[in-house]
Amino acid sequence: MRLLYTWRRLIMITLNWPRVLKLFFLLSLLLCYNEFLVYYFVLIQCSWPSISIEHLDADVAEGSGKPLKALFMADTHLLGPQGHWFDKLRREWQMTRAFQTAMTIHSPEAVFVLGDLFDDGQWSSDEEFKRYINRFYSMFHHSSTTALHAVIGNHDVGFHYMITQHKLDRFQKAFQSPLVKMLRIRENIFVMINSMAFEGDRCIMCDTAKRELEKISISLQCAQEYTTDLKDMQNKKCSAKEYFKYTKPILLQHFPMFRQSDENCSGPDSAPPEEKLKSFRPKLDALSKEASDMLLRELHPRLVISAHTHNFCYRTLQDGTPEWTVPSFSWRNNIKPSFLLVTITNNNYAVSKCYMPREWTVIWTYILGVVCILIWLVLPYRRVWTSYTRKQH
């Protein structure tokens, strides 16, 4: 009878509605923290960098406009139909929450996604590609005050040997991203390129990209002459439509500039030590030396921002131009994902790296939270069972 009474008390504790409601509240709080609040607690710790004289270009007169606030991210790799459903659910939810939280806290005026938006874009049918586009814009939706620009990556259309005109056209239609594009935003100039179009094998795509690059180079030269008040310009290729205020462009691309490896890269989100010594394959892991030299020669950029490796890297190129390689935005490709916040004026810029919550931190928070809730659940049972055993003795 005493054992029956004890079990009855245990059941009453279990079916105690206030206790059930407390359990539901604790579980909901744990879920809410890990899936929503943690992104705010982490991302609020980073902020827009302040302009200093470190990157000041004294040869360019200071503009009149206010600084542009731009967010740079890369390698989202949205999974295709063959991707595992849980992997797709977990990692895409992480990217959605990180992006939307960043939009809420930092409100960038421009967002640049530096390629590999999709994981299987090169294999997708037109119908699958449409679903890809809808998912991307659903995950990374933004206000009308923010402009989103996408650079094309090898997973979006394939490496050079896999690219077809149809794949290029459908990506360009969705994201207005041709082989080479010059973009002017508030006295700042960005040049966005298709890295796979700089193979240098004289294919139609490569020749077209080279001609477009040369046109942009001439436009920049004409703008520079016009800005410096050289009214007697001798460049006959200049035309009135190209007269805009000159500033050195920022080069945006998927492949990093030519480098042999990530050996000289550092930072918690850089490549693991065993990967840093792996040799890069030109035209696959990075641009060729010829393509890199041509871009530097034609554009004279003040800054290069690239992606593709999934790991962070900062280095200075042979002509002194700094290059920032942005790591993957997804937990699938980097255990410490991050993005860049960049404050830009026509003759200066400042860069800040913003880290996102780590996947293992979230997992361990779940584990510790569940353990604490289980302890809270077990304590009343332990007191009842201890009382029963004492009476038995």
Go through it in stages, so that I can follow the logic: the residues are His141 and Met103, the test is side-chain contact (heavy atoms from CB on, under 4.5 Å), and I'd like the CA-CA distance, side-chain angles, deciding distance and then a yes or no. CA-CA 9 Å; His141 64 86; Met103 292 298 102; over 6 Å; no
Specify whether Phe171 and Phe118 have parallel, tilted or perpendicular ring planes, treating 30° as the upper limit for parallel and 60° as the lower limit for perpendicular.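 Plane angle over 60°, so perpendicular.
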How are the rings of Phe72 and Phe112 set relative to one another: parallel (under 30°), tilted (30 to 60°) or perpendicular (over 60°)?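 Parallel: the ring planes of Phe72 and Phe112 meet at under 30°.
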Test item: side-chain donor near acceptor, [X] and [Y], under 3.5 Å:
X	Y	answer
His166	Asp126	yes
Asp319	Thr321	yes
Asp293	Gln318	yes
Tyr349	Glu54	no
Asn333	Ser328	yes
Arg302	Asn188	yes

Could you pull out all donor-acceptor pairs under 3.5 Å where a side-chain atom in residues 147-155 meets a protein atom, sequence neighbours excluded?
{"unit_1": "Asn154", "atom_1": "OD1", "unit_2": "His254", "atom_2": "NE2", "d": "3.0"}
{"unit_1": "Asn154", "atom_1": "OD1", "unit_2": "His308", "atom_2": "ND1", "d": "3.2"}
{"unit_1": "His155", "atom_1": "ND1", "unit_2": "Asp119", "atom_2": "O", "d": "2.8"}

May I have the step-by-step check of ring pair (Phe, Tyr, Trp, His ring centres under 6.0 Å) for Phe136 and Phe140, ending in yes or no? CA-CA 6 Å; Phe136 180 87; Phe140 303 111; 4.8 Å; yes
Any side-chain heavy-atom pair of [X] and [Y] under 4.5 Å:
X	Y	value
Leu183	Lys181	yes
Tyr132	Asp120	yes
Leu68	Thr343	no
Lys130	Arg170	no
Asn311	Asn334	yes
Met95	Trp331	no
Asp269	Pro337	no
Met73	Phe99	yes

Derivation of the side-chain contact (heavy atoms from CB on, under 4.5 Å) call for Trp123 and Gln82: CA-CA 11 Å; Trp123 308 109; Gln82 305 304 319; over 6 Å; no
[X] to [Y] - nearest heavy-atom pair and separation:
X	Y	answer
Gln253	Ser195	CB-OG, 3.8 Å
Ser143	Thr145	OG-OG1, 2.8 Å
Lys276	Ala271	CE-O, 2.9 Å
Ile133	Ala174	CD1-CB, 3.4 Å
Ile105	Ile44	CD1-N, 3.8 Å
Cys206	His160	SG-NE2, 3.5 Å

How would you list all residue pairs meeting ring-ring contact (aromatic ring centres under 6.0 Å, His included) that involve residues 265-305, not counting sequence neighbours?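 Passing the test, one end in residues 265-305: no pairs.
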Quick check for you: to the nearest 0.5 Å, what is the distance between [X] atom [atom1] and [Y] atom [atom2]?
X	Y	atom1	atom2	result
Ile189	Met182	CD1	CE	6.0 Å
Leu56	Ile51	CG	CD1	9.5 Å
Ser330	Arg332	OG	CZ	4.5 Å
Leu168	Leu179	CG	CG	6.0 Å
Arg131	Leu78	CZ	CG	13.5 Å
Thr325	Asp262	OG1	CG	7.0 Å

Using a cut-off of 6.0 Å, state whether more than 12 heavy atoms not belonging to [X] lie near its atom [atom1].
X	atom1	result
Glu62	CD	no
Lys88	NZ	yes
Ile204	CD1	no

Show the numbers, then the answer: is there a salt bridge (Lys or Arg N to Asp or Glu O under 4.0 Å) between Arg211 and Glu214? CA-CA 5 Å; Arg211 286 195 301 270; Glu214 290 171 349; over 6 Å; no
Identify whether the distance between the nearest side-chain nitrogen and carboxylate oxygen of [X] and [Y] falls below 4.0 Å.
X	Y	answer
Glu92	Arg135	yes
Lys278	Asp285	no
Glu109	Arg186	yes
Lys66	Glu187	no

Begin with the C-alpha distance, continue with both residues' side-chain angles, and end with the deciding distance and a verdict on side chain to side chain donor-acceptor pair (under 3.5 Å) for Gln45 and Tyr40. CA-CA 9 Å; Gln45 297 177 44; Tyr40 286 92; over 6 Å; no
Pair Arg315, Glu323 - check salt bridge (Lys or Arg N to Asp or Glu O under 4.0 Å), show working. CA-CA 5 Å; Arg315 67 188 189 117; Glu323 179 184 11; 3.0 Å; yes
Looking only at atom types and distance, does a side-chain atom of [X] sit under 3.5 Å from a main-chain N or O of [Y], one as donor and one as acceptor?
X	Y	value
Gln100	Met139	yes
Lys167	Gln122	yes
Ser124	Phe129	no
Asp156	Asp116	yes

Think Arg97 forms a cation-pi with Trp93, using NZ or CZ under 6.0 Å from the six-ring centre and within 45 degrees of its axis?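 Ring-cation test returns yes.
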Does the structure place the NZ or CZ of Lys210 under 6.0 Å from the centre of the six-membered ring of Phe198, at an angle of no more than 45° from the ring's axis?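 No - Lys210 does not lie over the ring of Phe198 by the 6.0 Å and 45° rule.
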Sequence neighbours left out, what pairs pass disulfide bond (SG atoms under 2.5 Å apart) with at least one residue falling in residues 281-364? Cys46-Cys354, Cys265-Cys313
side-chain contact (heavy atoms from CB on, under 4.5 Å) evaluation trace for Ile218 with Ile216: CA-CA 5 Å; Ile218 292 172; Ile216 291 175; over 6 Å; no
Determine, step by step, whether Leu220 and Leu299 satisfy the side-chain contact (heavy atoms from CB on, under 4.5 Å) criterion, reporting the C-alpha distance in whole Å, the side-chain angles of both residues, the deciding distance to 0.1 Å, and the verdict. CA-CA 8 Å; Leu220 291 171; Leu299 299 175; 3.9 Å; yes
Under 6.0 Å between ring centres, would you say that holds for Phe339 and Tyr355? no
